[in-house]
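The analysis underlying the following values was restricted to heavy atoms, covering all of them including side chains, and did not include hydrogens, waters or symmetry mates. Chain A is the first sequence line, chain B the second, and so forth, proteins listed ahead of strands; every chain is numbered from 1.
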Amino acid sequence: MRQPTVLYVEDEEFDAMFMRRAFERTGLDGSLNVVADGQQAIDYLGGKGVYGDRREHPLPAVILLDLKLPLVSGFEVLAWLREQPGLKTLPVVVFSSSDQPEDKAMASELGANDFVQKPSSALEFPKVVERLRQRWLTA
Amino acid sequence: MSLEDELRILLVEDSPSDAALLQESLAESGLGRFKITLAGSWAEADARLGEGSFEVVLLDLSLPDSSGHETILRARAKAPGLPIVVLTGQPDEAIALEALRKGVQDYLVKGQADGRQVARAVRYAIQRKREEARLGAFSDLGMRLSEAQTAREAAEIIVGVTDRLFGWDACKVELYSREKNQIYQALIKETIDGRRVELPAPGNGQQPAPLTQEVIDHGAKLMPEDAPAPVPGARGPGGPGRPSASAMFVPIRHGSSVGGVVSIQSRAPKAYTQEDLKVLQSLSDQCGGALERIRTQEALAVAKEELARTNTMLEQLVRERTAKLEETVGELEHFSYSITHDLRAPLRAMQGFAGLLLNELCCNCPRDENQDWLRRITTSAGRMDRLITDALQFSRAGRREMTIEPTNAAVLLHGIIQSYPTMQPPKALIRIEGEFPKVLGNEAGLTQCFSNLLDNAVKFVQPGKVPEVRVRAETGETFVRLWFEDNGIGIPKQAQGKLFLLFQRATTQFEGTGVGLALVKKVAERMGGKVGMESEPGQGSRFWLDLRPAP
């Protein structure tokens, strides 16, 4: 059986790179899909265009969502997602460097399931992956 | 109108012989020049009164179409301004007295009065009527003036009264401002084709004309025959611009100052007497106070309007500035948001890559120096990240909404100590002593202040020494002062003045960004409080935080 997948919405190239590494280190390699902006996230989740093939781009078990994204922001993705009949129950973990209570409150209001602040060092990403695995990836 | 002119008499008498008799005796009476118009019935009298101007009415009460009191009432109603002398057939005191009560000026018994008596009765009647008019004009003048709201309304009243008293072909009320030496035309009226017409003011804010100036400086002026100016625009029998023949000019006085000039002009020569001039002067004097009041009122209204305009302008300015400020704040907000995300991402990567090198490549690296350098990259990046976070926190502290409410400081202090192991034994000993009255503050703000102060108190201590901190409250008159006294390294005198400024650090011996105390100061001030300190190097520091007591 395939591993449950994670969709990581992240425009920072290095963050994405370190996250891939962290997934490999945690033995979850192959289960991470990365898209670089909000529109791509919406296209991926809607199975549009290049994301049409669900075997290659399966619906994720959890979405790791950055807030500040080009084109369509993380909040907008979240709001869109919660209105899609087939997707509204997908777990979303907001992953942002913001420490502002307003952002947390807004994320929670829009239906985020968790809020994880980006650690100041990318070396600590494995901790984040561990948290994801424990909370959202165990069957 | 003057007694020297031809006297126009309306004689209402149905008996031709009585009428003839009366005319005869009047001719012999020495009354002067007069002209009698005869009306043989009330209907005829009614028509004559409607078309002609008379100075006096001689009225027989028993007419074919009207009799007795009814005749008096009709005459009074038709010509309220005319003096009436009643003619009766026989001496009847009752009728005579009743007639006087109804407002006629005198009565004569036909056949018994000779010419001189008739003439005297006519003269007295005219004079009495004039007195009455004068009194009437004056009696409610004060009240009407007190109700006038504008100079024009007051002028309107003056013009009306002068008309009733003296009659005019042109009348002008000018207001005078001594400070500016300028004239303002309040009202100009003129008789054109028998109708009163208001003329537009030729121009305000001019200097007084020479004659007006003379009146302002030297007082009232009567021109019985040679009025100086044509009645402006007059189109009487003499054609346009026909000169007026007589005029009166009087200053409107208020105390010792002159607030304006009233002038009336007539086409008739010798229309006004010295006595008229005195009456006009006393009338004008009555107006002085009212005009002064109105002038003050109007000045006040202008000032108020000006004030309102300025206020509106200021409000507009404030709105514009606020909008601009909000825009700037919005931009700043966006700026700090971007900083949070964009500036910190490369730092995260730097730490990550340095860490990768350290962990994976240099494990077997013989040179310790290389590892040390990589660690320095990590440390520097971490420090920069803290600087950014702290600076952002500081800038947000000045903008974020803060509700101020009664707060229990002791509870917050205990809570903070419990959540930081570095503030608990055996690492540190913090004692919270005595009573803490409730203070006005914002819970999050106070928590921030307290944790920064406590954090400093346990941090800046000689290595090997256990930090001891004492927190207590002191109740002042308007403030509750919270003391944070430590056994730390103290602060050099030269650093104390700059201690609460952003990015200022008193020592490099310890970790820090130089934001903590600046943040305490800013938050304290936003809660209406103050912060300060006393310190001797080597003997610890005493920080204080003044807060308003809860009511």
Return each pair, listed once, that meets side-chain hydrogen bond (donor to acceptor under 3.5 Å, both in side chains) where at least one residue sits in residues 521-531 of chain B; pairs must be two or more places apart or across chains.
Lys521(B)-Glu525(B)

Between these two chains, chain B and chain A, I want each donor-acceptor atom pair under 3.5 angstrom written on its own line with its distance.
residue: Thr340(B); atom: O; partner: Ser97(A); partner atom: OG; Å: 3.4
residue: His341(B); atom: NE2; partner: Ser96(A); partner atom: OG; Å: 3.4
residue: Asp342(B); atom: OD1; partner: Lys68(A); partner atom: NZ; Å: 3.0
residue: Asp342(B); atom: OD2; partner: Lys68(A); partner atom: NZ; Å: 3.0
residue: Arg344(B); atom: NH1; partner: Ser97(A); partner atom: O; Å: 3.0
residue: Arg348(B); atom: O; partner: Ala122(A); partner atom: N; Å: 3.3
residue: Arg348(B); atom: NE; partner: Asp15(A); partner atom: OD1; Å: 3.0
residue: Arg348(B); atom: NE; partner: Asp15(A); partner atom: OD2; Å: 3.4
residue: Arg348(B); atom: NH2; partner: Asp15(A); partner atom: OD2; Å: 2.4
residue: Gln351(B); atom: NE2; partner: Ser120(A); partner atom: O; Å: 3.0
residue: Glu360(B); atom: OE1; partner: Arg21(A); partner atom: NH2; Å: 2.7
residue: Glu360(B); atom: OE2; partner: Arg21(A); partner atom: NH2; Å: 2.1
residue: Glu360(B); atom: OE2; partner: Arg25(A); partner atom: NH2; Å: 2.5
residue: Arg396(B); atom: NE; partner: Gln100(A); partner atom: OE1; Å: 3.4
residue: Arg396(B); atom: NH1; partner: Asp99(A); partner atom: OD1; Å: 3.4
residue: Arg400(B); atom: NE; partner: Glu102(A); partner atom: OE2; Å: 3.4
residue: Arg400(B); atom: NH2; partner: Glu102(A); partner atom: OE1; Å: 3.4

Could you check whether atom CE of Met384(B) has more than 12 heavy atoms from other residues, nucleotides or ligands sitting under 6.0 Å from it?
no

Return the minimal non-hydrogen interatomic distance between Leu123(A) and Leu356(B), and the atom names on each side.
CD2-N, 4.1 Å

Heavy-atom count check: over 12 atoms from other residues, nucleotides or ligands less than 6.0 Å from Arg321(B) CZ?
no

Mark yes when over 12 heavy atoms from residues, nucleotides or ligands other than Phe510(B) sit less than 6.0 Å from its CZ; otherwise mark no.
yes

Give the member of Ala381(B), Gly382(B), Gly355(B) that has the highest number of heavy-atom pairs under 4.5 Å with chain A.
Gly355(B)

Which heavy-atom pair separates Ala122(A) from Gly352(B) by the least distance, and what is that distance?
CB-CA, 3.9 Å

Met350(B) vs Phe14(A) side-chain heavy atoms within contact, under 4.5 Å
no

